[in-house]
Undergrad: 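One structure, pasted below without further comment.
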Amino acid sequence: MPHSEFTENILNAIRSIPEGKVCTYGLIARLAGNPRGARQVSWTLHSMTMKYDLPWYRVVNSKGTLSVTEPDGKEYQKHLLGQEGVEVSDNYEVDLDNYLWKTNNNNYHL
DNA sequence: TTAGTGACAGGCA
DNA sequence: CTGCCTGCCACTA
């Protein structure tokens with residue numbers, strides 16, 4: 001039980017992302033029950049990734065680009081996505097039309 | 001308690 | 001296409 005319920009829903013949503021697919025921050029926030037909580041998703045990832053074994057690399061911004069701040073983070077993320085079959089352009093951009101994870105329903109939060 | 005911050009999103013020039 | 005601004009929410013000092 002990390003912190004607030006929002007944070008737990010965010011973690012749960014990220015764990016639900018299947019291999020070979022990517023998801024945006026806004027979509028994660030929506031799945032967590034907070035359509036406006038995209039920034040919270042970023043904070044959660046940055047803070048909890050190391051402790052909770054999350055597929056952080058499957059999360060990109062709305063433009064489809066890698067938003068990692070760490071200098072070599074993008075290269076690392078690109079490598080991890082490539083292992084799952086997700087092609088990342090040399091400009092660290094993912095084709096959302098093909099790789100975006102689409103859910104049947106907008107909400108499944110408790 | 002208030003102010004500052006962040007791996008964002010969306011709208012607009 | 002790029003860049004700037006605003007709204008958002010939870011966390012930290």
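Chain letters run A, B, ... following the sequence lines, proteins first and then strands; every chain starts at 1.
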Undergrad: Expressed as a whole number of angstroms, how long is the span from Asn34(A):CG to dA10(C):C1'?
TA: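 After rounding, the reported distance stands at 10 Å.
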Undergrad: Whole Å only: how far is the CG atom of Asn61(A) from the C1' atom of dG6(B)?
TA: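 Taking CG of Asn61(A) and C1' of dG6(B), I get 14 Å after rounding.
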Undergrad: Is the shortest side-chain N to carboxylate O distance from Arg58(A) to Glu84(A) below 4.0 Å?
TA: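 Yes, Arg58(A) and Glu84(A) are salt-bridged.
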Undergrad: Tell me the interatomic distance from His46(A), atom NE2, to dC9(C), atom C1', rounded to whole angstroms.
TA: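 Rounding to the nearest Å, NE2 of His46(A) and C1' of dC9(C) are 17 Å apart.
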Undergrad: Can you see if the side chain of Ser62(A) gets near the phosphate of dA9(B) - specifically, an N or O under 4.0 Å from OP1 or OP2?
TA: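 For Ser62(A), the contact criterion (side-chain N or O under 4.0 Å from OP1 or OP2 of dA9(B)) is met.
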Undergrad: Ignoring hydrogens, what is the shortest heavy-atom contact between Val59(A) and Gln77(A)? Give both atom names and the distance.
TA: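 It is O-NE2, 3.4 Å.
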Undergrad: Taking only the side-chain heavy atoms of Tyr25(A) (C-beta and beyond), determine which of dC9(C), dA10(C), dA7(B) contains the nearest atom.
TA: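 Selected nucleotide: dA7(B).
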Undergrad: Would a hydrophobic clustering, with Ile, Leu, Val, Met, Phe, Trp and Tyr connected at side-chain separations under 4.5 Å, put Leu31(A) with Phe6(A)?
TA: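 No: no chain of side-chain contacts under 4.5 Å links Leu31(A) to Phe6(A).
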Undergrad: Taking only the side-chain heavy atoms of Thr24(A) (C-beta and beyond), determine which of dA7(B), dG6(B), dA9(B) contains the nearest atom.
TA: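 Ranking dA7(B), dG6(B), dA9(B) by closest atom to the Thr24(A) side chain puts dA9(B) first.
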Undergrad: What integer distance in Å separates Leu80(A):CG from dA7(B):C1'?
TA: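 In whole Å, dA7(B) C1' and Leu80(A) CG are 15 Å from each other.
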Undergrad: Verify the neighbour count for atom CZ of Arg36(A): are there more than 12 heavy atoms of other residues, nucleotides or ligands below 6.0 Å?
TA: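 Open.
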Undergrad: Kindly indicate whether the side chain of Tyr57(A), heavy atoms from C-beta on, has any atom under 4.5 Å from the side chain of Lys78(A).
TA: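 Side-chain contact under 4.5 Å: no.
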Undergrad: Report the distance from atom CD of Glu93(A) to atom C1' of dT2(C), rounded to the nearest whole Å.
TA: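 One finds 13 Å between C1' of dT2(C) and CD of Glu93(A), rounded.
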Undergrad: Go ahead and name the base partner of dT5(B); Watson-Crick or wobble counts if both distances stay under 3.5 Å, otherwise write none.
TA: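 Base-paired to dA10(C).
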Undergrad: Examine the base of dG7(C) for any acceptor or donor lying under 3.5 Å from a partner atom in the side chain of Arg36(A), and report the outcome as yes or no.
TA: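 Checked by distance alone, the answer is no.
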Undergrad: Measure CD1/Ile28(A) against P/dA7(B) and give the value in whole Å, please.
TA: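 Rounding to the nearest Å, CD1 of Ile28(A) and P of dA7(B) are 17 Å apart.
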Undergrad: Need to verify one output field. Residue with the more 5' nearest nucleotide on DNA chain B, Trp43(A) or Ala38(A)?
TA: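 The residue closer to the strand's 5' end, by nearest nucleotide, is Trp43(A).
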Undergrad: Distance check needed: dC9(C) P versus Arg39(A) CZ, whole Å only.
TA: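 Distance check: Arg39(A) CZ to dC9(C) P gives 12 Å.
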Undergrad: In this structure, how many angstroms lie between the P atom of dA9(B) and the NZ atom of Lys63(A), rounded?
TA: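 Rounded to the whole Å, the gap is 7 Å.
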